[in-house]
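Data block below; observations after.
Side chains are part of it too, since the values below use all heavy atoms of this structure and drop only hydrogens, waters and symmetry mates. Because the structure is predicted, anything quoted here is derived from the model rather than measured.
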Amino acid sequence: LTPASWMSLNAVRYMHEFGATNEDFGKAVVQFREYAAKNPRSHFYGRPITLDDHQASRWVAEPAIRLFDCCQETDGSVAFVITSAERAADTRAPVGIAATAGAGLFEEEIATNHYRPNLAIMDGSVAVARQLFGGSVSRSDIDVAMIYDAFSPMLFLQLEGLGFCRPGEAKDFVADGNLSPSSAMPINTNGGLIGEGYIHGLNLTLEAVEQLRGVAHNQVSGARTALISSSRTAAILQTL
(Lines give C-alpha, C1' and ligand atoms only; values in the text may rest on other atoms or scores of the structure.)
Protein backbone atom coordinates (compact mmCIF):
# COMPACT_ATOMS: atom_id res chain seq x y z
CA LEU A 1 0.00 0.00 0.00
CA THR A 2 1.96 2.95 -1.33
CA PRO A 3 1.14 6.31 -2.93
CA ALA A 4 1.86 4.70 -6.31
CA SER A 5 -0.81 2.07 -5.70
CA TRP A 6 -3.27 4.74 -4.52
CA MET A 7 -2.72 6.72 -7.70
CA SER A 8 -2.84 3.63 -9.91
CA LEU A 9 -6.51 2.98 -9.06
CA ASN A 10 -7.55 6.34 -10.50
CA ALA A 11 -5.03 6.05 -13.33
CA VAL A 12 -6.27 2.62 -14.48
CA ARG A 13 -9.84 3.90 -14.52
CA TYR A 14 -8.65 6.88 -16.58
CA MET A 15 -6.81 4.58 -18.98
CA HIS A 16 -9.91 2.39 -19.38
CA GLU A 17 -12.20 5.36 -19.92
CA PHE A 18 -10.10 7.18 -22.50
CA GLY A 19 -7.80 4.59 -24.07
CA ALA A 20 -4.62 6.08 -22.61
CA THR A 21 -1.57 3.87 -22.11
CA ASN A 22 1.52 3.91 -19.94
CA GLU A 23 3.43 4.83 -23.10
CA ASP A 24 1.33 8.00 -23.29
CA PHE A 25 2.38 8.84 -19.73
CA GLY A 26 5.97 8.10 -20.70
CA LYS A 27 5.99 10.82 -23.36
CA ALA A 28 5.51 13.40 -20.62
CA VAL A 29 8.24 11.83 -18.52
CA VAL A 30 10.70 11.99 -21.43
CA GLN A 31 10.06 15.74 -21.75
CA PHE A 32 10.47 16.33 -18.01
CA ARG A 33 13.72 14.38 -17.99
CA GLU A 34 14.93 16.54 -20.90
CA TYR A 35 14.30 19.66 -18.82
CA ALA A 36 15.94 18.03 -15.78
CA ALA A 37 19.02 17.08 -17.77
CA LYS A 38 19.68 20.81 -18.33
CA ASN A 39 19.01 21.85 -14.73
CA PRO A 40 22.07 21.54 -12.45
CA ARG A 41 19.81 21.36 -9.35
CA SER A 42 17.95 18.31 -10.58
CA HIS A 43 18.38 14.71 -9.45
CA PHE A 44 18.63 13.70 -13.11
CA TYR A 45 20.96 16.46 -14.29
CA GLY A 46 22.77 15.28 -17.42
CA ARG A 47 20.62 12.15 -17.66
CA PRO A 48 17.85 12.45 -20.27
CA ILE A 49 15.94 9.33 -21.31
CA THR A 50 14.16 8.01 -24.37
CA LEU A 51 10.68 6.55 -24.51
CA ASP A 52 12.27 3.11 -24.87
CA ASP A 53 14.15 3.73 -21.60
CA HIS A 54 10.87 4.65 -19.93
CA GLN A 55 9.12 1.55 -21.23
CA ALA A 56 11.99 -0.65 -20.06
CA SER A 57 11.78 0.59 -16.46
CA ARG A 58 10.18 -1.89 -14.06
CA TRP A 59 6.54 -1.83 -13.09
CA VAL A 60 5.61 -0.32 -9.75
CA ALA A 61 1.82 -0.61 -10.22
CA GLU A 62 0.98 -2.39 -13.48
CA PRO A 63 -0.45 -1.33 -15.94
CA ALA A 64 -0.33 2.35 -14.98
CA ILE A 65 2.89 3.31 -13.23
CA ARG A 66 6.49 2.33 -13.98
CA LEU A 67 9.53 3.31 -11.96
CA PHE A 68 10.23 6.28 -14.25
CA ASP A 69 6.67 7.53 -13.72
CA CYS A 70 7.48 8.21 -10.06
CA CYS A 71 8.97 11.29 -8.44
CA GLN A 72 12.21 11.20 -6.45
CA GLU A 73 12.15 11.55 -2.67
CA THR A 74 14.63 14.39 -2.17
CA ASP A 75 16.47 15.99 0.72
CA GLY A 76 16.19 19.74 0.37
CA SER A 77 14.30 22.84 1.36
CA VAL A 78 12.46 25.72 -0.23
CA ALA A 79 11.63 29.04 1.44
CA PHE A 80 9.54 32.01 0.34
CA VAL A 81 9.16 35.51 1.71
CA ILE A 82 5.63 36.84 1.21
CA THR A 83 4.93 40.50 1.92
CA SER A 84 2.92 43.42 0.55
CA ALA A 85 3.40 44.59 -3.03
CA GLU A 86 4.58 47.95 -1.65
CA ARG A 87 7.41 46.41 0.36
CA ALA A 88 8.27 43.93 -2.42
CA ALA A 89 8.71 46.81 -4.85
CA ASP A 90 12.05 47.56 -3.21
CA THR A 91 13.41 44.08 -4.00
CA ARG A 92 14.96 42.68 -7.16
CA ALA A 93 12.36 41.43 -9.66
CA PRO A 94 9.41 40.97 -7.27
CA VAL A 95 6.70 38.46 -8.18
CA GLY A 96 3.06 38.97 -7.27
CA ILE A 97 0.34 36.51 -6.27
CA ALA A 98 -2.44 37.31 -8.72
CA ALA A 99 -4.91 34.61 -7.64
CA THR A 100 -5.23 31.49 -5.50
CA ALA A 101 -7.85 28.76 -5.30
CA GLY A 102 -8.54 25.61 -3.34
CA ALA A 103 -11.18 22.90 -3.29
CA GLY A 104 -12.29 20.39 -0.68
CA LEU A 105 -15.09 18.26 -2.12
CA PHE A 106 -17.67 16.09 -0.36
CA GLU A 107 -16.28 12.60 0.43
CA GLU A 108 -12.90 13.56 -1.01
CA GLU A 109 -9.80 12.28 0.77
CA ILE A 110 -6.24 13.55 0.77
CA ALA A 111 -4.03 11.56 -1.63
CA THR A 112 -6.36 8.59 -2.24
CA ASN A 113 -9.52 10.37 -3.42
CA HIS A 114 -11.28 7.13 -4.36
CA TYR A 115 -14.83 8.20 -3.54
CA ARG A 116 -15.71 10.62 -6.32
CA PRO A 117 -18.38 9.66 -8.90
CA ASN A 118 -15.88 9.26 -11.75
CA LEU A 119 -12.25 8.46 -10.93
CA ALA A 120 -11.24 9.37 -14.49
CA ILE A 121 -12.01 13.05 -13.78
CA MET A 122 -10.03 15.05 -11.21
CA ASP A 123 -12.99 16.93 -9.75
CA GLY A 124 -10.76 18.96 -7.45
CA SER A 125 -8.97 20.50 -10.42
CA VAL A 126 -12.29 21.20 -12.13
CA ALA A 127 -13.48 23.08 -9.03
CA VAL A 128 -10.20 24.99 -8.75
CA ALA A 129 -10.37 26.04 -12.40
CA ARG A 130 -13.84 27.51 -11.89
CA GLN A 131 -12.41 29.78 -9.18
CA LEU A 132 -9.15 30.59 -10.90
CA PHE A 133 -10.07 31.42 -14.48
CA GLY A 134 -12.65 33.70 -16.02
CA GLY A 135 -11.80 36.76 -13.98
CA SER A 136 -8.72 38.89 -14.44
CA VAL A 137 -6.66 35.92 -15.70
CA SER A 138 -7.62 33.44 -18.43
CA ARG A 139 -5.98 30.21 -19.54
CA SER A 140 -4.55 31.95 -22.59
CA ASP A 141 -2.62 34.34 -20.30
CA ILE A 142 -0.52 31.53 -18.81
CA ASP A 143 3.05 31.63 -20.14
CA VAL A 144 4.45 28.73 -18.13
CA ALA A 145 2.84 26.12 -15.86
CA MET A 146 4.05 24.01 -12.95
CA ILE A 147 1.75 21.04 -12.46
CA TYR A 148 2.20 18.60 -9.58
CA ASP A 149 3.58 15.36 -11.01
CA ALA A 150 4.36 13.04 -8.10
CA PHE A 151 3.25 10.37 -10.59
CA SER A 152 2.88 11.03 -14.31
CA PRO A 153 -0.86 10.20 -14.57
CA MET A 154 -1.57 13.12 -12.22
CA LEU A 155 -0.36 15.51 -14.91
CA PHE A 156 -2.91 14.19 -17.42
CA LEU A 157 -5.81 14.41 -14.96
CA GLN A 158 -4.91 18.00 -14.03
CA LEU A 159 -4.45 19.17 -17.62
CA GLU A 160 -7.99 18.03 -18.32
CA GLY A 161 -9.50 19.11 -15.00
CA LEU A 162 -8.03 22.59 -15.35
CA GLY A 163 -9.48 22.88 -18.85
CA PHE A 164 -6.34 23.03 -20.97
CA CYS A 165 -7.75 20.09 -22.93
CA ARG A 166 -10.99 18.13 -22.86
CA PRO A 167 -11.40 14.80 -21.01
CA GLY A 168 -9.32 12.12 -22.69
CA GLU A 169 -7.31 14.56 -24.80
CA ALA A 170 -4.26 15.02 -22.58
CA LYS A 171 -2.44 12.18 -24.34
CA ASP A 172 -2.72 14.05 -27.64
CA PHE A 173 -1.85 17.37 -25.95
CA VAL A 174 1.39 15.82 -24.66
CA ALA A 175 2.20 13.90 -27.85
CA ASP A 176 1.85 17.13 -29.85
CA GLY A 177 4.72 18.71 -27.89
CA ASN A 178 2.71 21.02 -25.67
CA LEU A 179 5.02 20.56 -22.68
CA SER A 180 8.12 21.62 -24.58
CA PRO A 181 10.05 24.92 -24.54
CA SER A 182 8.68 25.83 -27.98
CA SER A 183 5.02 25.44 -26.97
CA ALA A 184 2.64 28.22 -25.95
CA MET A 185 2.74 27.06 -22.31
CA PRO A 186 5.87 25.07 -21.36
CA ILE A 187 5.22 22.83 -18.35
CA ASN A 188 7.48 21.81 -15.43
CA THR A 189 10.53 23.48 -16.89
CA ASN A 190 12.73 22.47 -13.94
CA GLY A 191 12.06 18.80 -14.75
CA GLY A 192 9.07 18.59 -12.45
CA LEU A 193 8.92 16.43 -9.35
CA ILE A 194 9.76 13.45 -11.55
CA GLY A 195 12.90 15.02 -12.99
CA GLU A 196 14.20 17.59 -10.51
CA GLY A 197 13.11 16.04 -7.23
CA TYR A 198 10.23 15.89 -4.76
CA ILE A 199 10.09 18.61 -2.12
CA HIS A 200 6.34 18.30 -1.66
CA GLY A 201 5.77 20.39 -4.78
CA LEU A 202 7.32 23.57 -3.40
CA ASN A 203 10.19 23.36 -5.86
CA LEU A 204 7.57 23.92 -8.57
CA THR A 205 6.66 27.22 -6.91
CA LEU A 206 10.35 28.14 -6.79
CA GLU A 207 10.66 27.37 -10.51
CA ALA A 208 7.64 29.56 -11.27
CA VAL A 209 9.18 32.48 -9.37
CA GLU A 210 12.52 32.03 -11.14
CA GLN A 211 10.83 31.88 -14.53
CA LEU A 212 9.09 35.17 -13.86
CA ARG A 213 12.36 36.69 -12.65
CA GLY A 214 14.11 35.52 -15.83
CA VAL A 215 16.73 33.44 -14.01
CA ALA A 216 15.51 29.84 -14.55
CA HIS A 217 17.86 27.23 -16.01
CA ASN A 218 15.36 26.48 -18.79
CA GLN A 219 14.16 30.04 -19.15
CA VAL A 220 10.97 30.71 -21.11
CA SER A 221 11.41 33.94 -23.03
CA GLY A 222 9.06 36.71 -21.92
CA ALA A 223 7.35 34.72 -19.16
CA ARG A 224 5.16 37.07 -17.12
CA THR A 225 2.35 34.83 -15.82
CA ALA A 226 2.79 31.40 -14.24
CA LEU A 227 0.33 28.77 -13.03
CA ILE A 228 1.11 26.43 -10.14
CA SER A 229 -1.27 23.50 -9.59
CA SER A 230 -1.28 20.73 -7.02
CA SER A 231 -4.59 19.16 -8.07
CA ARG A 232 -6.90 20.74 -5.46
CA THR A 233 -5.01 23.96 -4.84
CA ALA A 234 -3.53 26.37 -7.35
CA ALA A 235 -2.08 29.83 -7.71
CA ILE A 236 -1.28 32.29 -10.46
CA LEU A 237 1.87 34.38 -10.14
CA GLN A 238 2.71 37.45 -12.19
CA THR A 239 5.62 39.82 -12.55
CA LEU A 240 5.05 43.14 -10.80
Side-chain angles (χ1 to χ4, degrees), residues 2-5 7-8 11 20-79 144-159 170-171 173-183 185-221 223 226-231:
T2 68
S5 63
M7 186 63 223
S8 70
T21 66
N22 176 259
E23 185 172 334
D24 292 321
F25 301 150
K27 292 174 183 176
V29 175
V30 169
Q31 177 61 70
F32 295 159
R33 289 288 298 270
E34 183 176 339
Y35 281 132
K38 300 173 184 175
N39 173 9
R41 277 201 304 246
S42 75
H43 180 81
F44 288 116
Y45 178 55
R47 289 187 284 169
I49 61 169
T50 66
L51 187 57
D52 286 342
D53 294 330
H54 175 273
Q55 290 293 283
S57 66
R58 68 174 175 84
W59 286 112
V60 174
E62 190 176 3
I65 297 174
R66 293 181 181 271
L67 181 64
F68 286 0
D69 292 300
C70 303
C71 67
Q72 309 299 309
E73 286 287 357
T74 308
D75 292 331
S77 61
V78 176
V144 61
M146 306 298 151
I147 297 179
Y148 190 90
D149 61 322
F151 304 99
S152 58
M154 298 182 74
L155 169 78
F156 287 61
L157 287 161
Q158 286 173 90
L159 284 172
K171 61 183 185 298
F173 182 91
V174 170
D176 289 343
N178 287 301
L179 312 183
S180 71
S182 61
S183 70
M185 188 183 71
I187 294 174
N188 292 5
T189 48
N190 60 339
L193 309 181
I194 285 174
E196 183 181 55
Y198 184 76
I199 309 181
H200 291 270
L202 288 178
N203 48 319
L204 295 180
T205 303
L206 176 61
E207 175 69 8
V209 169
E210 292 189 337
Q211 283 287 347
L212 298 185
R213 285 181 169 170
V215 297
H217 292 291
N218 296 302
Q219 183 62 47
V220 174
S221 178
L227 167 70
I228 309 160
S229 168
S230 58
S231 74

For M7 and I65, run side chain to side chain contact (heavy atoms under 4.5 Å, CB included): C-alpha distance rounded to whole Å, both residues' side-chain angles, the deciding distance at 0.1 Å, then the answer. CA-CA 9 Å; M7 186 63 223; I65 297 174; 4.1 Å; yes
Start with the C-alpha distance between S231 and Q158, add both sets of side-chain angles, then the distance that settles side chain to side chain donor-acceptor pair (under 3.5 Å), and finish with yes or no. CA-CA 6 Å; S231 74; Q158 286 173 90; 5.1 Å; no
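Judged purely by atom type and a 3.5 angstrom limit, D69 has no side-chain atom pairing as donor or acceptor with the backbone of F151. Side-chain atoms of S8 do not come within 3.5 Å of backbone N or O of A11 as any donor-acceptor pair.
Here the CD1 atom belonging to I49 is positioned 10.0 Å from the CD atom belonging to Q55, to the nearest 0.5 angstrom. Note that the CG atom of N190 and the CG atom of N188 stand 6.0 Å from one another [nearest 0.5 Å]. Note that the CG atom of L202 and the CD1 atom of I228 stand 9.5 Å from one another [nearest 0.5 Å]. Here the OG-CG distance, from S152 to L193, works out to 11.5 Å after rounding to the nearest 0.5 Å. To the nearest 0.5 Å, atoms CD1 (I147) and CG (L204) are separated by 9.5 Å.
Every residue two or more places apart in sequence or in another chain was checked for a side chain to side chain donor-acceptor pair (under 3.5 Å) with S183, and none qualifies. In this structure S42 satisfies the side chain to side chain donor-acceptor pair (under 3.5 Å) test with no other residue, sequence neighbours excluded. The side chain to side chain donor-acceptor pair (under 3.5 Å) check on N39 picks up E196, with sequence neighbours excluded. The salt bridge (Lys or Arg N to Asp or Glu O under 4.0 Å) search around K38 returns E34, not counting sequence neighbours.
Among pairs with a residue in residues 188-218, those fulfilling ring pair (Phe, Tyr, Trp, His ring centres under 6.0 Å) read Y198-H200, at least two apart in sequence or across chains. For residues 20-66, the ring pair (Phe, Tyr, Trp, His ring centres under 6.0 Å) pairs, not counting sequence neighbours, are F25-F156.
No side-chain donor from either of N218 and T189 sits under 3.5 Å from a side-chain acceptor of the other.
In terms of heavy atoms, Q219 sits closest to G214 at OE1-C, 3.0 Å. Residues V60 and A4 come closest through the heavy atom pair CG1-CB, 3.7 Å. Across every non-hydrogen atom of Q31 and S180, the tightest pair is OE1-CB, 3.4 Å. Nearest heavy atoms, T74 versus Q72: OG1-O, 2.7 Å. Across all their heavy atoms, A64 and N22 have their closest contact at O-ND2, 2.8 Å. S57 and L67 get closest at one heavy-atom pair: OG-N, 3.8 Å.
Between I187 and the options V144, D149, L155, a side-chain contact (heavy atoms from CB on, under 4.5 Å) holds for only L155. Exactly one of D24, V30, L159 qualifies for a side-chain contact (heavy atoms from CB on, under 4.5 Å) with V174. That residue is L159.
Using a 4.0 Å cut-off between charged nitrogen and carboxylate oxygen, R66 and E23 do not count as a salt-bridge pair.
Looking at T21 and K27, their side chains never come closer than 4.5 Å, going by heavy atoms from C-beta outward.
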